[in-house]
Student: 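Below is one structure. I have some questions about it.
Because the structure is a prediction, the values reported are computed rather than measured. Note: hydrogens, waters and symmetry copies are ignored here, and every other heavy atom, side chains too, is used.
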Amino acid sequence: MAENLVKRVDWVHSAKAGNGRDGYSEELLGVDEEGWFPIRVRASEYEVEVIEE
């Protein structure tokens, strides 16, 4: 279990912060009884419009 925690911490430290050029942010999604999954999060067109206002 401690090894799994170290892997998650390492991944979070290396995750890419979002910016307009790349179009996404990286994060870990925890699913009960399934584990942790790296995902990329993108803003919808509406969210982009709101952010840019």
Student: For Val50, does its backbone N or O pair with a side-chain atom of Glu53 as donor and acceptor, under 3.5 Å?
Tutor: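 Such a contact is absent between Glu53 side chain and Val50 backbone.
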Student: More than 12 non-hydrogen atoms from neighbouring residues, nucleotides or ligands closer than 6.0 Å to CD on Glu45, yes or no?
Tutor: no
Student: Sequence neighbours left out, what passes salt bridge (charged side-chain N to carboxylate O under 4.0 Å, His left out) with Glu26? Give chain and number order.
Tutor: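 Glu26 satisfies salt bridge (charged side-chain N to carboxylate O under 4.0 Å, His left out) with Arg40 only.
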Student: Are Leu29 and Val41 connected, step by step, through hydrophobic side chains (Ile, Leu, Val, Met, Phe, Trp, Tyr) whose heavy atoms are closer than 4.5 Å?
Tutor: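 Looking at the clustering, Val41 is in the same group as Leu29.
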Student: Taking all heavy atoms of Val48 and all of Ala43, pick out the closest pair and write down the distance.
Tutor: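 Heavy atoms of Val48 and Ala43 come nearest at CG2-CB, 3.8 Å.
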Student: Could you measure the distance from the NZ atom of Lys7 to the CG atom of Leu5? Nearest 0.5 Å is fine.
Tutor: 12.0 Å
Student: Give the C-alpha distance, both sets of side-chain angles, the deciding distance and a yes or no for side chain to side chain contact (heavy atoms under 4.5 Å, CB included) between Leu28 and Phe37.
Tutor: CA-CA 5 Å; Leu28 282 178; Phe37 303 90; over 6 Å; no
Student: Do Tyr24 and Tyr46 belong to the same hydrophobic cluster, where Ile, Leu, Val, Met, Phe, Trp and Tyr are linked whenever their side-chain heavy atoms lie under 4.5 Å apart, directly or via other members?
Tutor: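 Tyr24 and Tyr46: separate clusters.
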